[in-house]
Amino acid sequence: MPDTPILEISRLQEIFEDDTAGIVELLESAMKTGAGYQAALRAGLAQNVLDDVMRAAHAIKGSAANVGGNEVAVVAARIEDAARAATWDGIPEDADALDAAYQRLREAVAAYRTEVS
Amino acid sequence: LNNPAARAPAAAFKVVVIDDVETNLMLFSKVVAQLPETEAVTFTSSREALNWLGINEAVLIIVDQNMPELSGVEFITQLRDRGNTDTPIVMITGHADRELQRDALKRGASAFLGKPVDPVAFISLARNLIALRGARFDSMAKAEAGRSDSAALAEAIANQERTTLDTLSKIIDLRDARTGDHCRRVGLYAEAIAKKLNLSMIELATLKQASRLHDIGKIAMPDRLLYKAGRLQGDERELAKRHAADGAKMLEDFTSSLMRTAAEIARSHHERFDGSGYPHNMKGDAIPRFSRIVAVADTFSALTSRRPWREAAAVSIAVEQIERESGSGFEPRVVGAFRDAMPELLDIKAEIPDN
């Protein structure tokens, strides 16, 4: 996803200004919360419960977008849209893409933490 | 954030933020902190937020639509149902659902923001909503203060009027105690008769008070007339008749409704229904309504009181005379009311005896 940044830190800097510790705290909280939603989405997928998949994807989309995790948000939005349309088409593939995007986001967060500490 | 409410600072305007995602609460807290004198009180549970808002004041509420306990719309509905109609509410919606937004507006939402929330848009919206709420409260407070001032002023004027009227009554009493007692009786008689004519409570109170001054003009009468032990003769009678016009003149500069009514009664309580009275030979309905009532009350009080040159007439004699003059001296309807009010009139007579 070359056009979608993994972590758009400028958005958080606009809110937190010089409070880099606050940004790190928020990002780590988002990663922890995200892990819970990821697990919920995977459970929905395993049990073929489209509603659970839709709710988890919706929560991931919102929380990731709020912290500048744009790539994760975009993939989650695709899964949510498919689930809303009551189709499984593309959802398993996008679930994998979501895991990969989350991994990249975690690495970007770790890099940022190192950068500011 | 495990106990979000406990993180609320003590002294600041509170913005309540409700979102089941703690990351979002952290983010909103930071954004809310950019508003002047404002801090966030955060809740992951909408029910806890409802309870908190039941006993605390917030200047703004931010609520996410998608929550497990109560949705944003359900939260807004319950809050407004509990009587909170003033606090502006911004609902955060993850997707632009027009139907949902229309429903939320109907339930009492003030504005919407989409996710991810743009902090600049949020600050701008929050400032405007908080300022609007403040302006509304200021306006309500001013209106309330205005109402209080008006009520206090009206009360002060009413008190002053009562004091003026009591003072004038005392002057009548000190000048001639007999006239003073008569004036008090006439006030009560007039009220009792007027009750039978179904006058309003305000009219009854005005009549009762204002008619106490109907003979105030007598304080300007020369001593030789006022205290004369015998019946007035010729020119004396003509001179005594001036008390009606003199009384009106004494009261004419007052501007209140009560005192203007008192002046009117003083001037016209000796007018007769057939136009043969004084000072202006007014006739029928041209005579002020209150004066037509006072005329009967005044005559009944005068006839049933002792004078140095005669004994007090029996009540039956007084009633007979007044009834005889129904249509000539007095308005027939008032005479009918006078007859109906006789039990009350007798009570008043016993209460203020003729000394």
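Just so you know, these numbers use all the heavy atoms, side chains as well, and skip hydrogens, waters and symmetry mates.
Of the listed residues (Leu27(B), Val21(B), Asp19(B), Asn24(B)), the one with the most heavy-atom contacts under 4.5 Å to chain A is Leu27(B).
Heavy atoms from other residues, nucleotides or ligands lying under 6.0 Å from CD of Gln13(A) number more than 12.
Minimum heavy-atom separation, Ala95(A) to Leu45(A): CB-CD2, 3.7 Å.
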**OP:** Please assess Asp118(B) against Arg11(A) for the test salt bridge (charged side-chain N to carboxylate O under 4.0 Å, His left out), listing each intermediate value before the final yes or no.
**Re:** CA-CA 9 Å; Asp118(B) 176 346; Arg11(A) 176 180 150 71; 5.7 Å; no

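Heavy-atom distances place no part of Leu27(A) under 4.5 Å from chain B, backbone and side chain included. Of the atoms belonging to Thr33(A), it is side-chain heavy atoms, and not backbone ones, that fall under 4.5 Å from chain B.
Salt bridge absent: Arg260(B) and Glu264(B) never bring a charged side-chain N and a carboxylate O closer than 4.0 Å.
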